[in-house]
Amino acid sequence: QVQLMESGGGLVQAGGSLRLSCAASGRTFSRSAMGWFRQAPGKEREFVAAITSSGGNTFYADSVKGRFTVSSDNAKNTVYLQMNNLEPEDTAVYYCAAGVVFSSQRRYFSSWGQGTQVTVSS
């Protein structure tokens, strides 16, 4: 099992930036990919971005493409989500997840963090 802990959320004005971090511990060698998902109030959890364990491949939801960048530092067992040009619609709890398949689908991610709140004011 992989344990995940997100940090870096907060309140930011529209157009601003935040960088989320996700520190992994435990059986980190068992994961093939890391993903970021988000859940806004009253909405289902949705895919944001994913990165392979090697860091060589990334994939983004259309809604964040060009604004968000996912990266990893394997020496630190940490994955990052750099979020630029934030919009009020980006307001949500952001979760990182570890999975065995490089995918945008939640069912392939078996370990989840507790989430970090991101609030973007207009």
Side-chain angles (χ1 to χ4, degrees):
Q1 190 73 5
V2 179
Q3 289 79 46
L4 304 171
M5 181 173 292
E6 304 96 337
S7 61
L11 173 64
V12 64
Q13 289 188 330
S17 298
L18 282 174
R19 188 177 82 155
L20 305 183
S21 299
C22 174
S25 60
R27 295 174 62 89
T28 56
F29 57 84
S30 65
R31 61 180 173 87
S32 295
M34 296 291 292
W36 285 97
F37 293 77
R38 66 186 182 186
Q39 187 166 17
K43 295 187 177 181
E44 294 208 355
R45 194 170 299 188
E46 64 175 5
F47 170 76
V48 175
I51 187 168
T52 53
S53 58
S54 67
N57 288 296
T58 58
F59 180 58
Y60 299 92
D62 288 343
S63 58
V64 306
K65 201 173 295 183
R67 300 188 298 122
F68 290 12
T69 302
V70 60
S71 62
S72 63
D73 184 338
N74 285 349
K76 297 181 178 180
N77 281 328
T78 301
V79 176
Y80 305 96
L81 185 68
Q82 177 67 45
M83 306 185 295
N84 297 329
N85 194 21
L86 282 160
E87 304 168 350
E89 293 74 23
D90 296 316
T91 295
V93 177
Y94 283 70
Y95 300 88
C96 70
V100 295
V101 176
F102 179 54
S103 172
S104 63
Q105 299 183 49
R106 289 190 304 172
R107 59 193 176 105
Y108 291 118
F109 292 87
S110 56
S111 299
W112 294 81
Q114 294 298 308
T116 185
Q117 176 70 47
V118 171
T119 303
V120 184
S121 62
S122 57

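The model shown is predicted, which means the values in this text are computed figures rather than measured ones.
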Engineer: Do the side chain of Thr52 and the main chain of Asn57 share a donor and acceptor less than 3.5 angstrom apart?
Structural biologist: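 It does hold such a pair.
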Engineer: Could you give the distance from CG (Asn77) to OG (Ser25), rounded to the nearest 0.5 Å?
Structural biologist: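 The CG atom of Asn77 sits 8.0 Å away from the OG atom of Ser25.
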Engineer: Can you tell me how far the CZ atom of Arg67 sits from the CD atom of Gln82, to the nearest 0.5 Å?
Structural biologist: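 It comes to 12.0 Å.
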Engineer: Quick check: closest heavy atoms across Gln1 and Ser110, and the distance to 0.1 Å?
Structural biologist: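 Nearest heavy atoms, Gln1 then Ser110: NE2-O, 4.2 Å.
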Engineer: Please examine the side chains of Met34 and Cys22, heavy atoms only from C-beta on, and report whether any two atoms are closer than 4.5 Å.
Structural biologist: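 With C-beta onward as the side chain, the pair touches.
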Engineer: Report the distance from atom CD of Glu87 to atom CD of Glu89, rounding to the nearest 0.5 Å.
Structural biologist: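 Answer for the CD-CD pair, Glu87 versus Glu89, is 5.5 Å.
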Engineer: Looking only at non-hydrogen atoms, find the nearest pair between Gly26 and Gln3 and report the distance.
Structural biologist: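 Smallest interatomic distance, heavy atoms only, reads CA-OE1, 3.5 Å.
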Engineer: Membership question, hydrophobic clusters at under 4.5 Å side-chain separation (ILVMFWY): are Tyr60 and Ile51 in the same one?
Structural biologist: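 Yes, same cluster.
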Engineer: What closest approach, in Å, do Ala61 and Phe47 show between heavy atoms, and which atom pair accounts for it?
Structural biologist: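 For Ala61 versus Phe47, the nearest heavy atoms are CB-O, 3.5 Å.
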Engineer: With the 4.5 Å side-chain cut-off for hydrophobic clustering, are Tyr80 and Trp112 part of the same group?
Structural biologist: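 No, no single cluster joins them.
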Engineer: Restricting to non-hydrogen atoms, name the atom on Ala24 and the atom on Leu4 that form the minimum distance, rounded to 0.1 Å.
Structural biologist: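 Heavy-atom minimum between the residues: CB-CD2, 3.6 Å.
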Engineer: Between Asn85, Asn84, Thr58, Leu81, which is the residue that forms a side chain to side chain contact (heavy atoms under 4.5 Å, CB included) with Phe68?
Structural biologist: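 Only match with Phe68 under side chain to side chain contact (heavy atoms under 4.5 Å, CB included): Leu81.
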Engineer: So, using salt bridge (charged side-chain N to carboxylate O under 4.0 Å, His left out) as the criterion, who are the partners of Glu46 when residues are at least two apart?
Structural biologist: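 Listed in chain order: Arg38.
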Engineer: State which residues pass side chain to side chain contact (heavy atoms under 4.5 Å, CB included) with Val120; sequence neighbours excluded, sorted by chain then number.
Structural biologist: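 Residues passing side chain to side chain contact (heavy atoms under 4.5 Å, CB included) with Val120: Val12, Ala14, Leu86, Pro88, Asp90, Thr91, Val118.
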Engineer: If we check side chain to side chain contact (heavy atoms under 4.5 Å, CB included) with Val79, which of these qualifies: Ser21, Ser72, Cys96?
Structural biologist: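 Of the listed options, the one satisfying the test is Ser72.
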Engineer: Between Gly35 and Phe109, what is the shortest heavy-atom contact and its length?
Structural biologist: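 Scanning both residues, the minimum pair turns out to be N-CE2, 3.5 Å.
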Engineer: Cation-pi check, Arg45 to Phe37: give yes when NZ or CZ is under 6.0 Å from the six-membered ring centre and within 45° of the ring axis, no otherwise.
Structural biologist: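 No, Arg45 does not sit over the ring of Phe37.
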Engineer: Measure the spacing between CZ of Phe59 and CZ of Phe102 and express it to the nearest 0.5 Å.
Structural biologist: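 Between atom CZ of Phe59 and atom CZ of Phe102 there are 7.5 Å.
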Engineer: For the backbone of Gln114 and the side chain of Glu6, can you confirm whether one donor and one acceptor N or O come within less than 3.5 Å of each other?
Structural biologist: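 At least one qualifying donor-acceptor pair exists.
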Engineer: Please name the pair of heavy atoms, one in Gly113 and one in Tyr95, separated by the smallest distance, quoted to 0.1 Å.
Structural biologist: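 Shortest heavy-atom separation between Gly113 and Tyr95 comes out as O-CD2, 3.6 Å.
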Engineer: Output yes when a side-chain donor or acceptor of Thr78 lies under 3.5 Å from a complementary backbone atom of Lys76, and no otherwise.
Structural biologist: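 The answer is yes, because a donor-acceptor pair under 3.5 Å joins these two groups.
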